[in-house]
A.B. asks: 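Let me give you the structure first, and then I'll get to my questions.
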Amino acid sequence: MLKRTKTCGELTEANICDNVTLTGWVAKHRDLGGLLFIDLRDRYGKTQIVFNEETYPEIFKIARKLGLEDVIGIRGVVVARPEGNVNPDMVTGEVDVEVTELDVYNESAPLPFDVNDRNSANEDHRLKYRYLELRTAELQHNMKVRHKAAKATRDFLDSNDYLEIETPVLMKSTPEGARDFLVPSRTHKHKFYALPQSPQTYKQLLMVAGFDKYFQIVKCFRDEDFRADRQPEFTQIDIEGSFFTQDDVMEMGTSLVQYLWKTVLDISLPDSFPSLSYHDAMERFGSDKPDTRLEMELQEFSEYVKQSEFNAFKTVVDNGGRVKALVCPNNSKYSRKVIDGLTDYMKTYFGAKGLAWMKATDGVLSGGISKFFSEDVQANIRKDLNVNDGDILFIIGDEEKVVLNALGALRLELAKRENLIDENAWAPLWVTDFPLVEWNPDNNCWDALHHPFTSPHPDDLDKMDTDPGNVRSLGYDIVMNGYELGGGSIRIHQRELQEKIFRLLGIADDEANEKFGFLMNAFKYGAPPHGGMAFGFDRIVMLMVHSSQIRDVIAFPKTTSAMSLMDNSPSLVDAVQLEELALSLVKDEPSD
RNA sequence: GGGGUGGUGGCUCAAUUUGGUUAGAGCACCGGCCUGUCACGCCGGAUGUUGCGAGUUCGAGUCUCGUCCAUCCCGCCA
């Protein structure tokens, strides 16, 4: 085998006359008759190699048969390209390698798609041949960025005295939170491990063990339904520290994100990130992960409703509901048909009962529900909400949750339509003061908003028994461009408080003991106050490469139905395997 | 669990307002020509169970129903 002396991405005119050996893939083949050009590609770039029938007829004959993606090695001489034939678009465009020796290592079958063009096939097809898609320039780049981000993470945390400690992948199943992936135990029949949804309990135990600064870049697994930014297995940067306050964690998280963006992208993020309470984020942006690259905010509208004749909204306000509005430019684009489309979107996905609107033109509000508002009220609306001619107001009235949720989604939809988001901007922020628990009307119980180990806010402890819905937690999320990059909390480190929370969440004492007894026990033996957070590593890299799908930054991702199209997993297993595990399959119930 | 979009040679797409000859084109592949190409060019060739299954019809890529897969979204994801 020819051992390469150079890569395909480094030869320049400085190398002219050098004898070099290159290895790589045939990326392009241009046969001019007695002269043949091949673009040879490896991880580092492309180099044009030349075969000449006159000088090396034997080699030429073989080279002529080469096809796309054949793997070859060549020895040759670096020569300057003739005048006028330099390719300024290629790093190596000033030189050719005239081939004097050729080895063919592997001939490629006709390709399922063009690896020079990621758009040359549908995604399911590319996923089936993911190892080919990974040859594309885009995915090669994404994997490099992912590597750099992982290395920068380790460098940063290492230099701040964090220890990377691995935790088990086979662990105890807990039904709280997301659905677990289960792994049957052979040696303990009828028992199962679970794959971790996160190493949460382990890292807390590491705090008890005295590893006061821990981190891990770790795979996590959640068996829920998937999205463009959610895969069944994903990677977290998991971090925890002892004697940390919320500010300590947020400071560390800010520094890490700044370091990552600086190191990987050479981008300087602001010295400090803005911080919004959950309440303000919901009121102003209709989201707990607001995209603050966009200024448009939800505006209070109940006052004007009270002064109007619009009974549908008046009833909403009288019944304790909310009415809020968005002001959007370019009202001429919003024909009846377009507005109907938006209304459908609001109704179908966000439970809104409708979408009211008014247009501002020639100094008045017109159309939609404008006739229900007197001239004076209209004037106030225009002044207070800063409405200009050419704007359109969208208004939703409903119970609070629906209003905020729907308008939050509409805000993003309008931003997309109006192109209001600067794609090159970075808008990091913290969201704090999350509610500790949330009422679950289906099961008639309180659910932890973050997780059951999150500490309540010390100022709200007195409300724990009387008004749990208004107890804030010491939980926080970090948000970037409308994506939740990560989140965490100060944890409970006292057995008594933890027991109290479990009871609030409707987890009986013996159940809590069975599931989390090991953690509660650990708290008996000197547990330091501690807290931390976890970042969605895939999402960080996704944002860094300006993608909107984490599949783009995972080497071998799964589909939205959690299948791997390349190796066809999940798949059936042998009866023998099942027998060993003491498992038997239930016949599929006919659906419906 | 629900909604939207899509599925036609190896790949990307096309096939004129419910339908009508032999389902076309580009890329890739095979053969031939071509000594400065870099989206090389030119000539020729091979390639189709229109995702799958029913139905309507004299006739279905096209219409109806079901189903599978992909994708985006809602629910879900402590």
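Both backbone and side-chain heavy atoms feed into the values below; hydrogens, waters and symmetry mates do not. Below, read A as the first sequence line, B as the second, and so on, with proteins coming before strands; counting in each chain starts at 1.
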A.B. asks: Can you tell which of B:C29, B:C38, B:C34 lies closest to the side chain of A:Arg81?
C.D. replies: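 So the nucleotide nearest the side chain must be B:C38.
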
A.B. asks: Checking side chain to side chain donor-acceptor pair (under 3.5 Å) for the pair A:Asn568/A:Ser571: CA distance, chi angles, key distance, verdict?
C.D. replies: CA-CA 7 Å; A:Asn568 270 319; A:Ser571 54; over 6 Å; no

A.B. asks: Rounding to an integer number of Å, can you tell me how far A:Leu565 CG sits from B:G51 C1'?
C.D. replies: 14 Å

A.B. asks: Roughly how many Å apart are B:A15 and B:U8, using the P atom of each and rounding to a whole number?
C.D. replies: 14 Å

A.B. asks: Identify every side-chain donor-acceptor pair in residues 88-100 of chain A under 3.5 Å, counting partners at least two apart or on other chains, and give the distances.
C.D. replies:
{"residue": "A:Thr92", "atom": "OG1", "partner": "A:Lys46", "partner atom": "O", "Å": "2.6"}
{"residue": "A:Asp96", "atom": "OD1", "partner": "A:Gln48", "partner atom": "NE2", "Å": "3.0"}
{"residue": "A:Asp96", "atom": "OD1", "partner": "A:Arg81", "partner atom": "NE", "Å": "2.9"}
{"residue": "A:Thr100", "atom": "OG1", "partner": "A:Arg75", "partner atom": "O", "Å": "3.2"}

A.B. asks: For A:Asn85 and B:U35, give me the distance from atom CG to atom P, rounded to whole Å.
C.D. replies: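 From A:Asn85 CG to B:U35 P: 15 Å.
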
A.B. asks: For B:U71, take OP1 and OP2 only and decide whether either is under 4.0 Å from a side-chain N or O of A:Thr560.
C.D. replies: yes

A.B. asks: Is there a donor and acceptor pair closer than 3.5 Å between the side chain of A:Gln48 and the base of B:U37?
C.D. replies: yes

A.B. asks: In whole angstrom, give the distance that lies between atom CD1 of A:Ile550 and atom C1' of B:C77.
C.D. replies: 12 Å

A.B. asks: Taking the same atom, C1', in B:U67 and in B:G24, what whole-Å distance lies between them?
C.D. replies: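 Rounded to whole Å, the distance is 30 Å.
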
A.B. asks: Rounding to an integer number of angstrom, what distance separates B:G44 and B:A25 when you compare their P atoms?
C.D. replies: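 Going atom to atom, P in each nucleotide, I get 12 Å.
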
A.B. asks: Ignoring the backbone of A:Ala228, work out which of B:G36, B:G3, B:C73 is nearest its side chain.
C.D. replies: B:C73

A.B. asks: Salt bridge (Lys or Arg N to Asp or Glu O under 4.0 Å), that's the test. Do A:Lys61 and A:Glu53 meet it? Break it down for me.
C.D. replies: CA-CA 8 Å; A:Lys61 222 199 267 174; A:Glu53 187 169 28; over 6 Å; no

A.B. asks: Do A:Met296 and A:Arg411 have side chains that approach each other closer than 4.5 Å (heavy atoms only, starting at C-beta)?
C.D. replies: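 Yes. Closest side-chain heavy atoms under 4.5 Å.
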
A.B. asks: Does the structure show a Watson-Crick or G-U wobble partner for B:G26, both distances under 3.5 Å? Name it, or say none.
C.D. replies: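 Checking every strand shown, B:G26 finds its partner in B:C11, with both distances under 3.5 Å.
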
A.B. asks: I'd like a table of donor-acceptor pairs (distance under 3.5 Å, sequence neighbours excluded) in which one partner is a side-chain atom from residues 474-483 of chain A, with atom names and distances.
C.D. replies:
{"residue": "A:Tyr476", "atom": "OH", "partner": "A:Ser489", "partner atom": "N", "Å": "3.3"}
{"residue": "A:Tyr476", "atom": "OH", "partner": "A:Ser489", "partner atom": "O", "Å": "3.2"}
{"residue": "A:Tyr476", "atom": "OH", "partner": "A:Gly532", "partner atom": "O", "Å": "3.0"}
{"residue": "A:Asn481", "atom": "OD1", "partner": "A:Ala427", "partner atom": "N", "Å": "2.8"}
{"residue": "A:Asn481", "atom": "ND2", "partner": "A:Ala425", "partner atom": "O", "Å": "3.2"}

A.B. asks: Is there, by distance only and without an angle test, a donor paired with an acceptor across the side chain of A:Arg30 and the base of B:C34 below 3.5 Å?
C.D. replies: no

A.B. asks: Output the rounded distance in Å from CG (A:Asn52) to C1' (B:C34).
C.D. replies: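 Those two atoms, CG and C1', are 14 Å apart.
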
A.B. asks: Using a cutoff of under 3.5 Å, can you pull out all pairs of nitrogen or oxygen atoms linking the protein to nucleotides 12-14 of chain B, with atom names and distances?
C.D. replies:
{"residue": "B:U12", "atom": "OP1", "partner": "A:Asn122", "partner atom": "N", "Å": "2.9"}
{"residue": "B:U12", "atom": "OP1", "partner": "A:Asn122", "partner atom": "ND2", "Å": "3.2"}

A.B. asks: If you only use heavy atoms from C-beta on, which nucleotide in B:G36, B:C72, B:C73 is closest to the side chain of A:Gln549?
C.D. replies: B:C72

A.B. asks: Please report the distance, rounded to the nearest Å, between CG in A:Leu410 and C1' in B:C73.
C.D. replies: 15 Å

A.B. asks: Return yes if some donor-acceptor pair links the side-chain N/O of A:Lys203 with the main-chain N/O of A:Ile239 below 3.5 Å, else return no.
C.D. replies: yes

A.B. asks: Would you mind reading off the distance between A:Arg135 atom CZ and B:A28 atom P, rounded to a whole angstrom?
C.D. replies: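 Going from A:Arg135 (CZ) to B:A28 (P), I get 17 Å.
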
A.B. asks: Report yes if a donor N or O on one partner sits less than 3.5 Å from an acceptor N or O on the other, where the partners are the side chain of A:Arg230 and the base of B:C76; otherwise report no.
C.D. replies: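 Yes, a donor-acceptor pair under 3.5 Å.
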
A.B. asks: B:C72, B:C74, B:C29: which one has an atom nearest the side-chain heavy atoms of A:Phe350?
C.D. replies: B:C74

A.B. asks: Using a 4.0 Å heavy-atom cut-off across all strands, classify A:Asp225 as base, sugar-phosphate, or nothing.
C.D. replies: base

A.B. asks: Calculate the interatomic distance between A:Met563 atom CE and B:C68 atom P; express it in whole Å.
C.D. replies: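 Distance check: A:Met563 CE to B:C68 P gives 11 Å.
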
A.B. asks: Does the plane of the ring in A:Phe516 sit parallel, tilted or perpendicular to the ring in A:Phe518? Use 30° and 60° as the thresholds.
C.D. replies: tilted

A.B. asks: In this structure, how many angstroms lie between the P atom of B:A70 and the NZ atom of A:Lys558, rounded?
C.D. replies: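 In whole Å, B:A70 P and A:Lys558 NZ are 13 Å from each other.
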
A.B. asks: Is the number of heavy atoms from other residues, nucleotides or ligands under 6.0 Å of A:Trp430 CH2 greater than 12?
C.D. replies: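 Buried by this count: over 12 neighbours within 6.0 Å.
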
A.B. asks: Indicate, with a heavy-atom threshold strictly under 4.0 Å, whether A:Pro112 touches base, sugar-phosphate, or nothing.
C.D. replies: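 Contact class for A:Pro112: sugar-phosphate only.
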
A.B. asks: Say we look at B:G75 and B:G2: how far apart would their C1' atoms be, to the nearest angstrom?
C.D. replies: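 Nearest-Å result for B:G75 against B:G2 at atom C1': 8 Å.
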
A.B. asks: Please give the distance between the P atoms of B:U47 and B:A54 as a whole number of Å.
C.D. replies: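 Approximately 27 Å lies between the P atom of B:U47 and that of B:A54.
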
A.B. asks: So, A:Lys65 and A:Glu107, do they make that salt bridge, N to O below 4.0 Å?
C.D. replies: no

A.B. asks: With a 4.0 Å cut-off on heavy atoms, is A:Arg64 in touch with a base, just the backbone sugar-phosphate, or nothing at all?
C.D. replies: base

A.B. asks: Rounding to an integer number of angstrom, what distance separates B:C68 and B:C13 when you compare their C1' atoms?
C.D. replies: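 Roughly 23 Å separates the two C1' atoms.
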
A.B. asks: Are the ring of A:Tyr349 and the six-membered base ring of B:C74 within the stacking cut-offs of under 5.5 Å and under 30°?
C.D. replies: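 Ring-base stacking flag not set for A:Tyr349 and B:C74.
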
A.B. asks: Under 4.0 Å: is that the gap between some side-chain N or O of A:Thr559 and OP1 or OP2 of B:A70?
C.D. replies: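 Result: yes.
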
A.B. asks: With a non-hydrogen cut-off below 4.0 angstrom, is A:Leu449 in contact with a base, only sugar-phosphate, or nothing?
C.D. replies: sugar-phosphate

A.B. asks: Could you tell me whether the side chain of A:Asp114 and the main chain of A:Asn116 form a donor-acceptor pair under 3.5 Å?
C.D. replies: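 Yes, A:Asp114 side chain to A:Asn116 backbone: donor-acceptor pair under 3.5 Å.
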
A.B. asks: Measuring to OP1 and OP2 of B:A70, would you say a side-chain N or O of A:Ser561 lies under 4.0 angstrom away?
C.D. replies: yes

A.B. asks: On a whole-Å scale, what distance lies between the P atoms belonging to B:G6 and B:U49?
C.D. replies: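 To the nearest whole Å, 23 Å.
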
A.B. asks: Between B:G75, B:G31, B:G36, which nucleotide gets closest to the side-chain atoms of A:Asp96?
C.D. replies: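 Nucleotide nearest to A:Asp96's side chain: B:G36.
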
A.B. asks: Can you tell me how far P in B:C65 sits from the matching atom in B:G3, rounded to whole Å?
C.D. replies: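 Each nucleotide's P atom is 13 Å from the other's.
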
